[in-house]
Amino acid sequence: MTADPKSIIDQLDDIEAEAKREWDQADPKDRPTIKSRYLGKKSKIKSILGALKDLSPEDRKTVGQKANQLQNSLNDHFVLDQVQSHRKAQYDHTLPGRVQPRGHRHILTQTMDDVVQIFYGMGFEVADGPEIESDYYNFSALNFPPDHPARDMQDTFFLNDEYLLRTHTSPVQVRVFEQRRPPVRILAPGRTYRNEAISARAYCVFHQVEGFFVDVDVTFADLKGVLSAFAQEYFGAQAQLRFRPSFFPFTEPSTEVDVNCLLCGGKGCALCKYEGWLEILGAGMIDPNVFTAVDYDPDVFTGYAFGMGIERIAMLKHGIDDIRVFYDNDLRFLQQF
Ligand code: DAH
């Protein structure tokens, strides 16, 4: 080998061109051999590097740098080319893409969100409470006397003597009243439980949304106003409400509210049990005993409260005639919403 640096550099250039040409034209199975021939221990480049000691210090530097650059450039060429051919083998860019299934909110979640949105527009804030509740919040503080038959109306899953699965969202009223002073205007959506025989109209788990407003001079007319506005907004302009007298320990007076059956237009059908009306909520003016228990002065403050069944309103709006379908998780049902 000549010790003329110029000719060594020419040699290196030739090696580069030759190596790349050989690599590009080679059958992929021969490529490992080519790679080791040009970059392995016994390569021409290595022997040139080995002969650097015969050069002057300056030439050594120039030639050394050039040889190193060449090794890097060949290495990049080989690697890049391998990556590209691997990609080509893996992806056919002309194929249409696979459609990824996309999930969405459950119809009950959508319904609760819609209800919250409507009341949010009327100035309500959202609150929540625990699903494992004490007897005190679920019953006593809501003016259910001990051993009163009203407790039996709500077939309860008791966990022990003190705790139970809440049978309604009304305990959230008490929890909020303990924390805040009027005015309070709250909406509390959530899950509730009852130990009832399962049927097309009743399930052991269901959802309610509790709403309540306490301030000075709140009247039953205010209650009718917000509920009517809600019904028009949620069900549409044809929705009408019917207020029937009822009883709840925590309201006086109390009412149950029906909406005209939207499926049959009030003529009577299986969904409304041929009544033309469907009950969607219980409501009333908050009983002074509830206020006293949380240290609100019933001579100063009045308030209304309501508790609405989420499954009920979803069934009515979408013409669903069996509550169990919400819990079966049959995609053919869920995907409709
Ligand atoms: N908590 C009652 C139930 O589950 C519904 C209800 C009635 C809620 C009257 C209220 C109310 O806030 O004022 O059956």
Side-chain angles (χ1 to χ4, degrees), residues 112 115-116 119 124-131 133-145 148-157 164-177 182 184-196 201-215 218-227 230 241-259 278-291 293-294 296 298 301-313 323:
M112 279 192 285
V115 172
V116 166
F119 281 99
F124 284 74
E125 297 169 56
V126 173
D128 66 5
E131 289 175 26
E133 195 45 287
S134 65
D135 182 280
Y136 176 76
Y137 286 107
N138 197 80
F139 292 124
S140 306
L142 288 167
N143 198 35
F144 285 81
H148 191 275
R151 288 183 181 232
D152 295 338
M153 277 164 51
Q154 310 207 349
D155 313 86
T156 309
F157 286 114
L164 45 84
L165 295 179
R166 68 176 177 190
T167 57
H168 52 175
T169 44
S170 302
V172 182
Q173 291 184 33
V174 183
R175 290 184 172 275
V176 169
F177 296 156
V184 286
R185 199 194 313 242
I186 302 281
L187 204 66
R191 199 172 283 176
T192 48
Y193 302 83
R194 283 192 206 177
N195 190 5
E196 276 180 299
R201 290 169 75 89
Y203 200 66
C204 47
V205 184
F206 58 103
H207 295 76
Q208 288 189 337
V209 57
E210 193 79 11
F212 46 96
F213 178 36
V214 182
D215 200 352
V218 177
T219 69
F220 200 91
D222 295 317
L223 172 65
K224 289 182 84 171
V226 286
L227 292 179
F230 165 77
L241 294 182
R242 179 172 82 168
F243 290 74
R244 280 181 289 107
S246 185
F247 171 80
F248 298 102
F250 39 95
T251 43
E252 185 59 38
S254 303
T255 178
E256 280 175 308
V257 180
D258 306 331
V259 59
L278 268 151
E279 185 198 323
I280 57 164
L281 61 91
M285 299 307 291
I286 297 169
D287 194 290
N289 287 344
V290 175
F291 284 157
V294 294
Y296 280 13
F301 300 113
T302 52
Y304 62 71
F306 58 87
M308 184 156 51
I310 293 295
E311 282 81 354
R312 283 280 169 87
I313 62 167
I323 193 171

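Since we're looking at a predicted model, the values are computed, not measured. Note that ligands are numbered from 1 as they come in the structure, with each ligand's atoms numbered from 1 the same way. Excluded from the calculations below are hydrogen atoms, water molecules and symmetry mates; all remaining heavy atoms, backbone and side chain alike, are included.
In this structure, Arg175 is positioned above the aromatic face of Tyr137, its NZ or CZ under 6.0 Å from the six-membered ring centre and within 45° of the axis.
Between Tyr304 and Phe213, the ring planes lie perpendicular to each other; the angle is over 60°, past the 30° to 60° tilted range.
Of the protein's heavy atoms, Gly282 O, 3.6 Å lies nearest to atom 6 (C) of ligand 1. Counting protein heavy atoms only, atom 8 (C) of ligand 1 is closest to Gly307 N, 3.3 Å. In terms of protein heavy-atom proximity, atom 12 (O) of ligand 1 is nearest to Glu210 OE2, 2.5 Å.
The shortest separation from a heavy atom of Gln173 to ligand 1 is under 4.0 Å, placing the residue in contact. At least one heavy atom of Phe250 sits under 4.0 Å from some atom of ligand 1. No heavy atom of Glu252 sits closer than 4.0 Å to any atom of ligand 1. By the 4.0 Å heavy-atom criterion, Gln208 is counted among the residues contacting ligand 1.
Glu311 has its side chain within reach of His207: a pair of non-hydrogen atoms, C-beta onward, lies under 4.5 Å apart. Between Glu133 and Leu164 the shortest side-chain heavy-atom distance falls below 4.5 Å. With contacts defined as side-chain heavy-atom distances shorter than 4.5 Å, the pair Phe248/His168 does not qualify.
Residue pairs meeting the salt bridge (Lys or Arg N to Asp or Glu O under 4.0 Å) criterion with at least one partner in residues 134-143, sequence neighbours excluded, are Asp135-Arg151.
For the pair Phe248 and ligand 1, the shortest N or O to N or O distance does not fall below 3.5 Å. Residue-to-ligand polar distances place Arg194 within reach of ligand 1: an N/O pair is separated by less than 3.5 Å.
Each of the atoms 13 (O) of ligand 1 lies under 4.0 Å from some heavy atom of Thr251. Atom numbering of ligand 1 starts at 1 in the shown order; those under 4.0 Å from a heavy atom of Gly284 are 13 (O).
Every residue two or more places apart in sequence or in another chain that forms a ring pair (Phe, Tyr, Trp, His ring centres under 6.0 Å) with Phe119 is listed here: Phe124, Phe230, Phe306.
Of the heavy atoms in Ser170, only side-chain atoms (C-beta onward) come closer than 4.0 Å to ligand 1.
Nearest heavy-atom pair, Leu187 versus Val116, reported as atom, atom and distance to 0.1 Å: CD2-CA, 3.6 Å.
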